[in-house]
Amino acid sequence: MKHILIALLLLTVTLQSWSQQYKVSAQRTWDKYPPEAQERGFGLYASQLVQMDDDPQQEEVMLFSAHNGHYPYFDLFKNYYVIIDNYTKTIKYKSDIVISTQRDILLEDRNNDGIFELYRSYFLDGKFSVDEFGNNLKTTWVYDCIEWSESEKNIRKNK
């Protein structure tokens, strides 16, 4: 009987310590975001706070993504990006929906002006082809940049 009680005690302590390793992240409330930011069928995949314009307030760059298909060596995703002012929560830029094999936020300050640019790669017009086995992806890739335009005083896409 003593061995059973020790085993149960050990099992209880082990389960409690195991469960503390895996915590669920805090729920994101959508009350502080404009409703126009989210499209039906898309979920927030990633977000980052960076300086995207000449205003001292930072902007939140959000990537919304939906699964668009699975192939043996790659997955396809439908993505769009939303840039909102972190203070006023107004949308400064919302991209078109594009198809890509990647879903990441690549923010860099390549010209060292203290203002970050968002670099993306996606399929031209969402068109692609594969062979009969779902391999050999053929598409025309588009590489562009979403950045601050000093002359227009807004965030715009630059090819």
Side-chain angles (χ1 to χ4, degrees), residues 19-131 133-159:
S19 65
Q20 289 178 2
Q21 290 179 359
Y22 304 101
K23 295 189 182 210
V24 178
S25 61
Q27 285 281 347
R28 180 181 288 258
T29 61
W30 288 98
D31 298 338
K32 61 182 183 175
Y33 298 105
E36 306 86 37
Q38 189 173 18
E39 297 285 334
R40 187 173 181 85
F42 287 82
L44 181 65
Y45 183 74
S47 69
Q48 282 185 326
L49 282 174
V50 294
Q51 186 67 38
M52 290 286 292
D53 59 14
D54 62 354
D55 185 22
Q57 301 295 329
Q58 289 187 327
E59 286 73 35
E60 184 172 6
V61 179
M62 300 185 295
L63 167 61
F64 290 87
S65 185
H67 199 263
N68 196 49
H70 173 73
Y71 292 90
Y73 295 105
F74 58 91
D75 288 325
L76 295 179
F77 305 101
K78 292 189 291 187
N79 300 323
Y80 72 94
Y81 296 86
V82 177
I83 300 172
I84 63 171
D85 186 276
N86 193 41
Y87 181 72
T88 63
K89 300 302 181 191
T90 57
I91 295 178
K92 291 191 169 190
Y93 180 84
K94 184 175 179 181
S95 74
D96 294 331
I97 296 172
V98 295
I99 297 177
S100 180
T101 58
Q102 307 163 358
R103 53 180 176 181
D104 57 353
I105 297 178
L106 180 59
L107 294 161
E108 294 182 2
D109 182 15
R110 293 185 181 175
N111 54 3
N112 295 323
D113 62 354
I115 299 174
F116 284 77
E117 300 88 25
L118 171 64
Y119 293 91
R120 313 181 298 165
S121 60
Y122 55 91
F123 300 171
L124 179 65
D125 298 327
K127 296 180 181 176
F128 67 96
S129 65
V130 293
D131 64 14
F133 302 111
N135 301 324
N136 197 16
L137 174 66
K138 292 182 181 177
T139 188
T140 303
W141 285 93
V142 175
Y143 300 95
D144 70 5
C145 169
I146 298 171
E147 64 182 345
W148 170 253
S149 170
E150 186 64 39
S151 62
E152 298 173 18
K153 295 293 185 190
N154 66 358
I155 297 173
R156 65 174 171 82
K157 181 169 78 168
N158 185 14
K159 285 193 175 187

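Across A37 and F64, no two heavy atoms sit closer than the pair O-CE1, 3.7 Å. When all heavy atoms are compared, the tightest approach of L63 to D104 is CD2-N, 3.6 Å.
Taking 4.5 Å as the limit, some side-chain heavy atom of V130 sits within range of a side-chain heavy atom of Y71. A 4.5 Å side-chain heavy-atom check between F128 and K138 finds every atom pair outside the cut-off.
Shown here are the salt bridge (Lys or Arg N to Asp or Glu O under 4.0 Å) partners of R110, two or more places apart in sequence or in another chain: E108. Partners of D85 by side chain to side chain contact (heavy atoms under 4.5 Å, CB included), not counting sequence neighbours, listed by chain and number: D55, Q57, E59, Y87, T88, T90, K92. Every residue was checked against the ring-ring contact (aromatic ring centres under 6.0 Å, His included) condition with Y73, not counting sequence neighbours, and none meets it. K94 pairs by the salt bridge (Lys or Arg N to Asp or Glu O under 4.0 Å) definition with E39, not counting sequence neighbours. Residues passing the ring-ring contact (aromatic ring centres under 6.0 Å, His included) test with Y45, sequence neighbours excluded: none. Residues forming a side-chain hydrogen bond (donor to acceptor under 3.5 Å, both in side chains) with N86 (at least two apart in sequence, or on another chain): K89. Taking the ring-ring contact (aromatic ring centres under 6.0 Å, His included) definition, one finds that Y81 meets it with nothing, sequence neighbours left out. Qualifying side chain to side chain contact (heavy atoms under 4.5 Å, CB included) partners for D131, counting only residues two or more places apart in sequence or in other chains: F133, N135, N136. D125 is linked by a side-chain hydrogen bond (donor to acceptor under 3.5 Å, both in side chains) to nothing, counting only residues two or more places apart in sequence or in another chain.
A ring-centre distance under 6.0 Å is not found for Y122 and W141.
To the nearest 0.5 Å, atom CE of residue M52 and atom CD1 of residue I83 are 3.5 Å apart. With rounding to the nearest 0.5 Å, the separation of CG in L118 from CG in L106 is 7.5 Å. Going from atom OH of Y93 over to atom OH of Y80 covers 13.0 Å, rounded to the nearest 0.5 Å.
Between the side chain of D113 and the backbone N or O of I115, at least one donor-acceptor pair lies under 3.5 Å. N79 places a side-chain N or O within donor-acceptor distance of the main-chain N or O of Q102, the cut-off being under 3.5 Å. Counting only distance, with no hydrogens or angles, the side chain of T139 and the backbone of K127 share a donor-acceptor pair below 3.5 Å. A side-chain donor-acceptor contact under 3.5 Å links D109 to the backbone of G114.
Listed by first then second residue, pairs satisfying salt bridge (Lys or Arg N to Asp or Glu O under 4.0 Å) with a partner in residues 67-83 number zero, not counting sequence neighbours. For residues 99-120, the set of pairs meeting the ring-ring contact (aromatic ring centres under 6.0 Å, His included) definition, not counting sequence neighbours, is empty.
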